[in-house]
Amino acid sequence: AGSAFDWHTTGSVNIGYEAIDLHADNPATADAVCLSYSHGRRKERITYRQMKELSGRCGTMLRRLGAQKGDRVFLFLPRIPEFYIALAACAKIGAIIAPLYSEYRDSAVKDRMLDGRGKVLITTPQYLARVPVNELPDLHTIILTGTPRDPAGPGTVWWQEEMAQDTPELAIEWVDPQAPLLLVYTSGPTGKPIGLLHPHDSMRGYRATSRWVLDLKDGDVLWTQAEPGWLMNVVYSAFAPWLCGVESVITGKINTVDECYRLIEEHKITVLYTIPTIYRMVADGAEETARRYQLDSLRHLLSALEPLTP
């Protein structure tokens, strides 16, 4: 499996490079779409070349604000492009990514950030209200996404303002294959959260499952609908499709079957990976609703978490 990666010949390991820069530096794939976002009035299409630049700026910003190799950067964000840019940036500088489920309340955020000794938090002003900042002694920097409004308080900055200051040129932090990449929390048998640590070497499994299970092929468009704090989202909305050089589509919460069909038609999605809730919504919808949309691009469906009902 290692022969599929550039580090098999160079010996230089970093999943951020393999997932983004390798495609961005190749003229044949640099302008291929890496990430498409569509929700409400915000629509964005980011190529691999642009993602290299954006994640480079973000990585430079994180380093300037004090994040270093091995530091835990917690991401408490909805499904927005900034979440995915930060994933790539953290990987590139050797920081450990720690995503949080967007519905967590104060105590759940506190438990995980204390256990993970989070030094940097990237979040929104709305989500920040659920972060007990004064009870997190390791936290030294908060980065807020969204349009800058009020002056940020001590240790708090605005993503948009800080990103504008930095260069996209970023020196990649080359790491040992077993260097930690991702810290994802799950509930243990006693209810106490347990952190699962994935190393950079997990890229071999990410790519293999994308090719063999998701059946991703060149030119595919993948839509993985899952919460940002879930491993399913971090891996299969981001690193896994990017390692295969394909397009990943993200959106906000899907409330109706029309929203689901519209997204498939608009982006010509070929592979859908989601949870049974979405499939139950589709099954409950009328057949005439489906006939109003062009859905023939879709060729492969997958589900995770609880079993699908007949």
Side-chain angles (χ1 to χ4, degrees), residues 19-20 23-24 29 31-55 58 75-88 99 101-103 122-124 126-127 145-147 159-160 163 210 214 216 219-230 232-242 244-275 277-279 281-282 285 289-304:
I20 302 298
H23 305 300
T29 54
D31 295 316
V33 177
C34 168
L35 187 75
S36 289
Y37 177 77
S38 179
H39 186 65
R41 288 181 289 182
R42 185 178 180 184
K43 298 181 185 296
E44 295 185 27
R45 290 169 68 84
I46 301 172
T47 66
Y48 279 93
R49 188 197 310 272
Q50 291 168 329
M51 183 59 85
K52 177 183 177 180
E53 295 175 356
L54 289 166
S55 58
C58 184
L75 307 180
F76 192 28
L77 292 165
R79 286 185 295 268
I80 55 176
E82 289 84 352
F83 177 82
Y84 300 88
I85 294 166
L87 288 178
Y101 177 44
S102 60
E103 298 297 322
I122 305 178
T123 189
T124 68
Q126 294 79 13
Y127 287 13
T145 63
T147 303
W159 169 287
Q160 185 175 315
M163 285 278 282
S210 291
L214 272 65
L216 292 184
D220 266 333
V221 180
L222 171 67
W223 174 24
T224 299
Q225 184 71 356
E227 291 296 329
W230 298 352
M232 176 182 173
N233 181 287
V234 175
V235 174
Y236 295 103
S237 278
F239 291 119
W242 296 344
C244 296
V246 305
E247 177 181 349
S248 177
V249 174
I250 57 170
T251 187
K253 185 176 181 180
I254 295 292
N255 296 302
T256 67
V257 70
D258 280 281
E259 291 175 346
C260 178
Y261 290 155
R262 192 177 301 118
L263 195 75
I264 294 169
E265 179 183 74
E266 178 184 347
H267 293 275
K268 295 181 171 55
I269 289 161
T270 59
V271 179
L272 171 61
Y273 181 29
T274 187
I275 58 176
T277 303
I278 299 295
Y279 291 116
M281 180 189 301
V282 170
T289 303
R291 295 194 188 101
R292 294 203 299 266
Y293 297 90
Q294 291 291 329
L295 307 174
D296 54 351
S297 62
L298 200 59
R299 65 172 182 82
H300 192 39
L301 305 175
L302 304 101
S303 181

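Position 1 is the first residue of the sequence, and the numbers go up from there. Hydrogens, waters and symmetry mates are skipped; everything else that's a heavy atom, side chains included, is used.
In this view, Y37 satisfies the ring pair (Phe, Tyr, Trp, His ring centres under 6.0 Å) rule with no residue, not counting sequence neighbours. Annotation: salt bridge (charged side-chain N to carboxylate O under 4.0 Å, His left out) contacts of R262 (sequence neighbours excluded): none.
If you take OG1 on T123 and CG on L77, they are separated by 5.5 Å, rounding to the nearest 0.5 Å. Once rounded to the nearest 0.5 Å, the distance linking CD1 of I20 with CD of E53 reads 12.0 Å. The structure places CD1 of I264 at 10.5 Å from OH of Y293, a figure rounded to the nearest 0.5 Å. Considering CG of L216 and NE2 of H300, their distance stands at 8.0 Å, rounded to 0.5 Å. Atom CG of L263 and atom CD1 of I250 lie 10.5 Å apart (nearest 0.5 Å). The CH2 atom of W242 sits 6.0 Å away from atom CG of L35, with the distance rounded to the nearest 0.5 Å.
Considering only heavy atoms from C-beta on, R299 comes within 4.5 Å of D220 through its side chain. Taking 4.5 Å as the limit, every side-chain heavy atom of Q225 sits out of range of all side-chain heavy atoms of I275. Annotation: side chain of Y84 is in contact with side chain of N233 (closest heavy-atom distance under 4.5 Å). Considering only heavy atoms from C-beta on, I278 comes within 4.5 Å of C260 through its side chain. Looking at heavy atoms from C-beta onward, S248 lies out of side-chain contact with T224 at the 4.5 angstrom threshold. Annotation: side chain of L301 is in contact with side chain of Y279 (closest heavy-atom distance under 4.5 Å). A 4.5 Å side-chain heavy-atom check between H23 and C34 finds every atom pair outside the cut-off.
Side chain of T47 to backbone of Q50: a donor-acceptor contact under 3.5 angstrom is found. In this structure, the side chain of S36 does not engage the main chain of R45 through any donor-acceptor pair within 3.5 Å. In this structure a side-chain-to-backbone donor-acceptor pair under 3.5 Å is present from T251 to S38.
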The test is side-chain contact (heavy atoms from CB on, under 4.5 Å); show your working for L302 and Y236 and say whether it passes.
CA-CA 12 Å; L302 304 101; Y236 295 103; over 6 Å; no

Could you walk me through whether C58 and W159 pass the side-chain contact (heavy atoms from CB on, under 4.5 Å) check?
CA-CA 9 Å; C58 184; W159 169 287; 3.7 Å; yes

Determine, step by step, whether I254 and E259 satisfy the side-chain contact (heavy atoms from CB on, under 4.5 Å) criterion, reporting the C-alpha distance in whole Å, the side-chain angles of both residues, the deciding distance to 0.1 Å, and the verdict.
CA-CA 6 Å; I254 295 292; E259 291 175 346; 4.1 Å; yes

Dump the intermediate steps for side-chain contact (heavy atoms from CB on, under 4.5 Å) on Y261 and T289, then the final yes or no.
CA-CA 9 Å; Y261 290 155; T289 303; 4.0 Å; yes

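Here the closest heavy-atom approach between residue S210 and residue P241 is recorded as OG-N, 4.3 Å. The two residues F83 and V234 come nearest to each other via the heavy atoms CZ-CG2, 4.1 Å. Contact record, W230 with Y101: NE1-CD1, 3.8 Å, taken as the closest heavy-atom pair. In terms of heavy-atom proximity, Y48 sits nearest to V246 at OH-O, 2.8 Å. Across all their heavy atoms, R79 and P228 have their closest contact at CG-CG, 3.6 Å. When all heavy atoms of V249 and W223 are compared, the closest pair comes out as O-CD1, 3.4 Å.
Donor-acceptor pairing under 3.5 Å is lacking for the side chains of Q160 and T147.
Using a cutoff of 4.0 Å between basic side-chain nitrogens and carboxylate oxygens, R42 and E82 are scored as salt-bridged.
The environment of CD in Q294 is sparse: at most 12 heavy-atom neighbours from other residues, nucleotides or ligands sit within 6.0 Å. Within a 6.0 Å radius of NZ in K268, other residues, nucleotides and ligands contribute 12 heavy atoms or fewer.
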